[in-house]
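Quantities reported herein were computed from a predicted structural model and do not represent experimental measurements.
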Amino acid sequence: MAAPVELRLVLDQLPADPLLLVFSFLDFRDLIHCSFVSRRLNQLSGHNPLWRSLCSRYWLLTDADRGAGAPSWRALFRQYYLDWGRYLRHYAVLKTSWETLKTFLSQRCPRMIASLKDGAKEEELDSIETQIGFKLPEDYRCSYRLHNGQKLVVPGLMGSMALSNHYRSEDLLDVETAAGGFQQRKGMRQCLPLTFCFHTGLSQYLALEATEGRNLSDIFYHCPDQLAQDPSAIDMFITGTSFSDWFTTYVNNVVTGEYPIIRDQIFRYVREQQCVATTGDLSVTVSTAFLPELSSVHPPHFFFTYRIRIEMSSSASPDAACQLDSRYWKITKGNGEEEEVRGPGVVGEYPVMMPGKVHEYASCTTFSTTSEHMEGHYTFHRLANKEEVFNVLIPRFHMVCPPFRKSVVRSVSLSLDQSLSLDQ
């Protein structure tokens, strides 16, 4: 409805500055509505600084992006809106994540950045939807417009993990490869692979439909039920509730150093903020990682690896040099059961620590409860005096299984068994 004549006359008589101040609090839709009120408001609503601010907020554009001789900021906003408007809710967040990740990795893992593919086109994503018969989530589409995954290389963008006899590195699949692995079998219906590991065959999947116990847009590792005879009995370790949540959380963990860069790879170890202990000149730091490919829900078997860093201060006296002799662990399971473990060295080694030296090693453990914590100490002796023996504290660290969902097939089977037992 057009504004009353009297109101338009009043607005037309107001000074420009207060009107522009009011306009600066409006969203782009409101500015467009204002442009239809009167000729003067039409002119003021097109004020370049207003649209420059909106271009920055929604499209992350700067003066350098606009360049000399470019169209007005309002025209530039319209240009981006025509191309990216359907992704208005997701563009700024995902664009920021991608740019932050690329900047962070460009000096640390340049080969990984070189493996990224250019963004997919709208018509290519539409074609994929037609091919699989399901709509892709808007945040997934937006991210793949920015980068269509990566080439299949090692190491993968989505993190690695290595033990003495086990290696995993996950690539972010391009949408064409993902569509080729789209699942329609019972137990995995309407699930699109997001990642893939050459060495283990492991993938994280995106649920394109709320079915078989999954929520729409759940992201998960599938985990076959080892005790079920039905191959469609598949449990799930949940890693995200939407693509945007999953991707931005991962990027944040990488760029904040939560996931360390080791040998040009992103390792998905997690360290609790207070998980460091210092005894004299020696400090011990612990980080942990869950390995879904070596774990199962049924039977309950949860596999963790932990990485320990022992460091002697560079300011320590040369007389402080020492050698590790043994280790002691106190392990407390989620059900309260405790276990003590003693043994020589660490993974077959007896590291010698000198000022400024760092020794790191990785080990692993399995347990049948969904959580446990470990703590303990190392026993050292001084090199200058073998009779001087002392303990170095290992901080308590927790290992907690990620959230999981049990197979619907198993739940149905249990319900039937219970019904039959009641009938007898």
Side-chain angles (χ1 to χ4, degrees), residues 159 161-168 170 183 185-189 191 195 197 199-205 207 211-215 218-241 246 268-272 275 286-308 329-341 362-376 396-421:
M161 187 54 57
L163 295 173
S164 58
N165 59 351
H166 182 81
Y167 178 74
R168 180 186 87 221
E170 293 182 58
Q183 299 291 308
R185 61 189 173 96
K186 187 178 178 183
M188 289 289 290
R189 286 177 178 147
C191 292
T195 67
C197 171
H199 301 82
T200 64
L202 184 74
S203 287
Q204 294 184 68
Y205 287 89
T211 186
E212 298 180 326
R214 291 179 291 275
N215 296 324
D218 271 352
I219 297 175
F220 64 95
Y221 288 108
H222 76 298
C223 177
D225 189 329
Q226 304 294 326
L227 298 179
Q229 297 182 346
D230 189 339
S232 67
I234 297 176
D235 301 313
M236 297 158 280
F237 290 112
I238 306 298
T239 57
T241 55
W246 174 78
R268 280 164 39 189
Y269 284 104
V270 175
R271 180 172 68 87
E272 297 171 58
C275 198
V286 187
S287 54
T288 64
F290 175 71
L291 275 66
E293 67 272 29
L294 300 179
S295 302
S296 67
V297 176
H298 291 104
H301 178 86
F302 307 108
F303 193 105
F304 273 85
T305 177
Y306 52 90
R307 186 176 185 86
I308 295 187
W329 289 113
K330 179 182 177 183
I331 304 168
T332 305
K333 298 181 180 179
N335 57 12
E337 292 181 6
E338 293 184 353
E339 178 184 1
E340 294 186 348
V341 176
S363 189
C364 56
T365 183
T366 61
F367 51 99
S368 59
T369 56
T370 56
S371 66
E372 71 171 18
H373 64 262
M374 295 172 60
E375 57 195 314
R396 175 181 293 189
F397 57 97
H398 297 81
M399 290 172 283
V400 181
C401 174
F404 59 80
R405 294 206 182 98
K406 298 178 181 180
S407 165
V408 173
V409 171
R410 181 179 179 84
S411 300
V412 171
S413 298
L414 288 174
S415 297
L416 289 174
D417 292 342
Q418 291 170 355
S419 298
L420 290 172
S421 63

key: Partner residues of Glu170 under the salt bridge (Lys or Arg N to Asp or Glu O under 4.0 Å) criterion, sequence neighbours left out   = Arg168, Arg268
query = So do the side chains of Phe303 and Leu163 get within less than 4.5 Å of each other, counting heavy atoms only?
reply = yes
Contacts of type salt bridge (Lys or Arg N to Asp or Glu O under 4.0 Å), residue Lys186, not counting sequence neighbours = none
key: Contacts of type salt bridge (Lys or Arg N to Asp or Glu O under 4.0 Å), residue Glu212, not counting sequence neighbours   = Arg189, Arg214
query = Are His166 and Glu293 close enough that some pair of their side-chain heavy atoms sits under 4.5 Å apart?
reply = yes
request  = If the plane angle is over 60° it's perpendicular, under 30° parallel, otherwise tilted; pick one for Phe302 and Phe367.
outcome  = tilted
task = For Asn215, enumerate each residue passing the side-chain hydrogen bond (donor to acceptor under 3.5 Å, both in side chains) test, keeping only those at least two apart in sequence or located in another chain.
result = none
ask   = Taking atom OG1 of Thr195 and atom OH of Tyr205, what is their separation to the nearest 0.5 Å?
value = 8.5 Å
Residues forming a side-chain hydrogen bond (donor to acceptor under 3.5 Å, both in side chains) with Thr239, sequence neighbours excluded = Gln204
request  = Would you please name every residue forming a side-chain hydrogen bond (donor to acceptor under 3.5 Å, both in side chains) with Ser232, sequence neighbours left out?
outcome  = Asp230
ask   = Around Glu340, counting heavy atoms of other residues, nucleotides and ligands shown, do more than 12 lie under 6.0 Å from its CD?
value = yes
query = Do Thr305 side-chain atoms and Cys364 backbone N/O form a donor-acceptor pair below 3.5 Å?
reply = no
ask   = Parallel, tilted or perpendicular: which describes the rings of His199 and Tyr167, with under 30° parallel and over 60° perpendicular?
value = perpendicular
task = Say whether, by atom type as modelled, one donor and one acceptor occur between the side chain of Asp218 and the main chain of Thr241 under 3.5 angstrom.
result = no
task = For Glu337 and Thr369, run side-chain contact (heavy atoms from CB on, under 4.5 Å): C-alpha distance rounded to whole Å, both residues' side-chain angles, the deciding distance at 0.1 Å, then the answer.
result = CA-CA 10 Å; Glu337 292 181 6; Thr369 56; over 6 Å; no
